[in-house]
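Whatever order the structure lists them in is the order used to number ligands and atoms, beginning at 1. Every heavy atom of this structure was used, including side-chain atoms; hydrogens, water molecules and symmetry mates were not. Values in this document were obtained by computation on a predicted structure and should not be read as measured data.
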Amino acid sequence: MNENVLYATKKFEDAYTYLGKDLGADYKKGQTGFCVWAPMADRVEVALYQSGDVQKEEEPKIYPMQEKEQGVWRTAVTGDLDGVYYTYRVTREKATIETCDPYARAVGVNGQRAMVVDLKSTDPDGWEKDHNPQAGKRITDSVIYELHVRDLSIDKSSGIQQKGKFLGVIEKGTKTEKGIATGLDHIKDLGVTHIQFLPLYDYGSVDEADQSPQYNWGYDPVNYNVPEGSYASDPYDGKVRILEMKQMVQQLHKEGIGVIMDVVYNHVYDAGKFCMNQIVPGYFSRIDAKGVYSNGSGCGNDTASEHSMVRKYIVDSVVYWAKEYHIDGFRFDLVGLLDVETINEIVREVKKVRSDVLFYGEGWNLDTKKTKEVDLAVQYNSEKTPGFGYFNDTIRDCVKGSVFEATERGYVEGQQGQEWKITQCVSGIFEWCKDPKQNINYVSCHDNYTMMDKITLAAPEASRQEQIEMNRLAAAIYLLAQGVPLMQAGEEMLRSKKDKDNSFVENSYKSSDQVNAIRWDLLEQEEYQQTYAYYKGLIGFRKAYPQLRYTTREEIMQNVQALLGLEKNVTGLRIAEDILLIFNPNHMATKISLPKGKWQVQISKEKAGTECLKQAEEEIEVAPISAMALVREK
Ligand code: CA
């Protein structure tokens, strides 16, 4: 039987599913145990090196491994191996390959050799006291800020010293030339609760040995359980990247910010070279009987999460990050390629050690060739993964227009007939998602055009001022909607990704720093500073009123009502009797009659926050292209 077919059979799984916890290098001061899963191998050896750099000539010390239960091979080497690099040599049918350990927890430059590590020695001072500052809160209390490590600091105007590095993220007191706060101080002031980082694990598209400027988002995993070396001050010493990433997490926690990691288990950088696929040929990927890789990811390969040892590998990996690095949440890239059972097992196993971790992902329905019949973690299966949320493309495309049609208008740019849909989006209950805890509301993220670029393309006739108003209206809709809001870093300061020829870049995954960097100096100009203040005010308003953050469908059904009889295109909602939200995308003001009582305008076209901007009774006028929030006086 063909291997690729064999792997998915019950017979193979019964014979070779290993559930032990000792895979990888198990460091102890006097001895290190090595354990690798390599069913059907003829010979397995571990090779020890002094250097983690494969470019350096070095004759390794070779230790044979012994075949044990369920396809695992083991050996133990005496002595203190902390900092010693290693690879596995696996022989099958007379051919020998040498590769990194899928369970590597430390690696040398570019992740080609694993390193034995005494993890205790990589803990920053006070690490045992470090904890998630958002623990105990509800997921709907979160406001998530999506950030790339390098984008934050790489521009000169950031005033940050350690540009493009983990440690640059936590520099404090940084300013633009004119004294505007940048980096971490800015993020804290904005009021978000979590940073969701684009990939932080070791990825392949940036050469860590090359110091010249290189850029990539990092959706090309090489070592799943090791931080990326190019974000460390030294990519050669396996311990440095671990220590510095932990320092970053620790400092963010001290500042009150939770840390979410973007994880890309759905595909690997190079399927043929990926270590598990070398040790057990093709096992990690979905490959058909003819040897053709499934390509639902669009990246050349899809992960066979339905294979028992791939499932275990992903579960072990997520648990490891949550425990060892104190990561507070996981955003799964293209989770629609992974199966429901794997996702539920991840949630279950992580919750056993930490109940405060968030889980969500991109549940798009993709064309993948599963190796056996399993349900996939797509939006319409949301009820099968109750602890796991999904990105909401309904609100994304309804508010600002489809991401697939650059010039298509959304509600804020004047698309007609959207009132009912916007009401539904703000209410946060959908056919595919009946639980607000599973609803991740966003209008822009790293993919596709930035919010401001999309608005500029979809409403070219609008003035710059009107386009900014559209941006603020869009922000008000998703930041006040039921569910969990998520924003792209820099959206609050009209971020744009412009090429040298002034065209907008839709997919900047490998564009230059000039395209991707956050331009902090723009905050020195009024329109950027005002938009930033508006976002800050929206977040402050959301945090002040728990009625915007319900956790059940029942609460929403009971408390959120649409206002009727409004002018065309105008949307209004009343929440728990005492909050009114009005959205007016029209180029004309609209009058709204108010329910009984005295009302305070706290969000208007110009300003957002929790102070009373104006009192109103019976009727209020809502300005063109603007949002309004009113709170009834007690
Ligand atoms: Ca790397």
[X]: which N/O/S atom is nearest the Ca ion (ligand 1)?
{"X": "E228", "result": "OE1"}
{"X": "D202", "result": "OD1"}
{"X": "E208", "result": "OE2"}

**OP:** Decide, counting backbone as well as side-chain atoms, whether Y203 has an N, O or S atom less than 3.0 Å from the Ca ion (ligand 1).
**Re:**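 An N, O or S atom of Y203 is closer than 3.0 Å to the Ca ion (ligand 1), so yes.
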
Subject >> Short side-chain donor-acceptor distance under 3.5 Å, Y219 and D262 >> reply: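 Note: D262 and Y219 side chains meet the donor-acceptor criterion.
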
Subject >> Lys/Arg cation over aromatic Y49: R113, 6.0 Å, 45° cone >> reply: yes

**OP:** Please confirm whether R105 makes a cation-pi placement over Y320, using NZ or CZ under 6.0 Å from the six-membered ring centre and within 45° of the ring normal.
**Re:** yes

Original post:
Would you call E128 and K120 a salt bridge, using N to O less than 4.0 angstrom?
Top reply: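 No, this pair does not count.
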
